[in-house]
S.K.: 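Below you'll find the structure I mean.
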Amino acid sequence: MAKRVIVVKSALMPRFYQDFHCVMGACKDNCCDDNWRIEFNKKDYLTVKRAVQEAGLEEEARCVRRLREREHDGYYAEFTVRETGRCTFHTPEGLCRLQLECGAETLPSVCRNFPRRQIYTIAGLERSLSPACEGVLALLWDLTEGIDFVEEPLPKAEWRDGVPISPVAERFGDIRSLCIDVLQERRLKLSQRMLLLGLLLQRLRDADWKAADTAGRWLEQSEALLRDPGAASAALVRLPRQTGMYLSENLRVLVGAYSQSQKELVEELCAAVSDDCSLLGTGSVQLDLSRYQELEGKLEELLGHSEHFFENLMVNLVFYTTFPSLESPENLWNEYVNLCNMYSFYRFTAVCGCHKEVSRERLFHVLVQANRRLLHNRSNQAQLRDELIQNSSTSLAHMAILLGG
């Protein structure tokens, strides 16, 4: 039986997408000065290498390096960074010497586009913004009514054919929209919405993906539940809170995902829950649960006792990562586990960040770092998820611990 071809004729993006503008040198967490590996494809490598050689930038030419055995996901080369963590091309004034000397067209696509992302899915040509940029977080902060999306027709030259791999994958756009509806259901607390999403995705995971009507029936049942989430809410409220286990899980993430160059930030965050960080990574840290709970109150005051910022953060993350993965039932659940890991670590770092300073700037700083160490590091994400799988900790009950804190 021939698979159905879906012609993608439109672009889809958050309404705030067009509002983003890079502030360059004024950025406090400058992506060119953060010990962040900047990797790019072979085409960009050849363009950059030729341009810096022709411009006589001998020192910079030596810092455009092949990945060789570390090639992955189409990435072929990288810019090395100085001991300070600064990109070789980044000037003290916060500008890019490669762009100044060789022109903007010489920049690798990652440098030209970040934090923007553009990708074709069954639902459309999707344009999104990474939350690993403080400018994006500032936009999310201001959207008190939540994120909405706009769709625009594409020129015919940009139409693409999409071939879904299953009847369930064919309904990706509808399923993702339902996921976003759940996350924006403000009659429930955000942690409850995340758990409700898991409950619904668990049902989809366990359904027959070969049946033509599986996705349709799942959408119909999920929409009915969402119209009256009271029954689900009552069950979710009864889920126990296990703060000690929640903190231990996130301290493990903190140690595993952050490099030596972030040692100061790691110690600052750890100090929010322990007076002795010397045992960090050994599993023997003595946790101060009351201190963490006090800091939770400070974060709530900073947020104006509103969940809209974290709601926007999660909705943006779902769209940016083209969640949910519908390649297989296993991938669907693995991506939900990743989503719970991200939400849990966002909350953990946001609360612990208040130990040093309670401010919007501090909140943005810790969240930018969290995204750069997890969202933009696939090996870290996979390692953390695989550890949960090995420990049989990917059940919805365990996700409740990660989400509830």
S.K.: Work out which heavy atom in Val273 is nearest to a heavy atom in Cys352; give both atom names and the distance.
M.R.: CG1-SG, 4.0 Å
S.K.: Applying ring-ring contact (aromatic ring centres under 6.0 Å, His included), can you list everything that pairs with Phe319, at least two apart in sequence or on another chain?
M.R.: Phe149
S.K.: For residues 9-18, tabulate all N or O donor-acceptor pairs below 3.5 Å that involve a side-chain atom, not counting sequence neighbours.
M.R.:
{"residue": "Ser10", "atom": "OG", "partner": "Glu151", "partner atom": "OE2", "Å": "2.6"}
{"residue": "Arg15", "atom": "NE", "partner": "Asp148", "partner atom": "OD1", "Å": "3.3"}
{"residue": "Arg15", "atom": "NE", "partner": "Asp148", "partner atom": "OD2", "Å": "3.0"}

S.K.: Are Phe40 and Phe79 an aromatic pair by the rule of ring centers under 6.0 Å?
M.R.: yes
S.K.: Walk me through it: do Arg97 and Cys102 pass the test side-chain contact (heavy atoms from CB on, under 4.5 Å)?
M.R.: CA-CA 8 Å; Arg97 191 175 182 193; Cys102 304; over 6 Å; no
S.K.: Listed by chain and number, what are the ring-ring contact (aromatic ring centres under 6.0 Å, His included) partners of Phe114, not counting sequence neighbours?
M.R.: Trp36, His376
S.K.: Quick one, Leu140 with Phe310, criterion side-chain contact (heavy atoms from CB on, under 4.5 Å). Give me CA distance, side-chain angles, the key distance, then yes/no.
M.R.: CA-CA 9 Å; Leu140 297 178; Phe310 273 89; over 6 Å; no
S.K.: Search all heavy atoms of Leu178 against all heavy atoms of Ser222 and return the closest pair with its distance.
M.R.: CD1-CB, 3.8 Å
S.K.: Could you go through Arg193 and Glu185, starting from their C-alpha distance and side-chain angles, then the distance that decides it, and tell me whether this counts as salt bridge (Lys or Arg N to Asp or Glu O under 4.0 Å)?
M.R.: CA-CA 7 Å; Arg193 301 175 221 170; Glu185 177 47 75; over 6 Å; no
S.K.: Checking the side chain of Asp29 only, and the main-chain atoms of Val368 only, is there a donor and an acceptor separated by less than 3.5 Å?
M.R.: no
S.K.: Check whether any side-chain heavy atom of Glu268 lies under 4.5 Å from a side-chain heavy atom of His355, and answer yes or no.
M.R.: no
S.K.: Tell me, please, whether Tyr320 has Arg117 positioned over its six-membered ring: NZ or CZ under 6.0 Å from the ring centre and within 45 degrees of its axis?
M.R.: yes
S.K.: Report yes if the side chains of Leu57 and Glu101 come closer than 4.5 Å at any heavy-atom pair, otherwise no.
M.R.: yes
S.K.: Can you see whether Trp218 has Arg203 sitting over its ring - NZ or CZ less than 6.0 Å from the centre and within 45° of the normal?
M.R.: no
S.K.: Indicate yes or no: at least one non-hydrogen side-chain atom of Arg347 is less than 4.5 angstrom from one of Leu299.
M.R.: yes
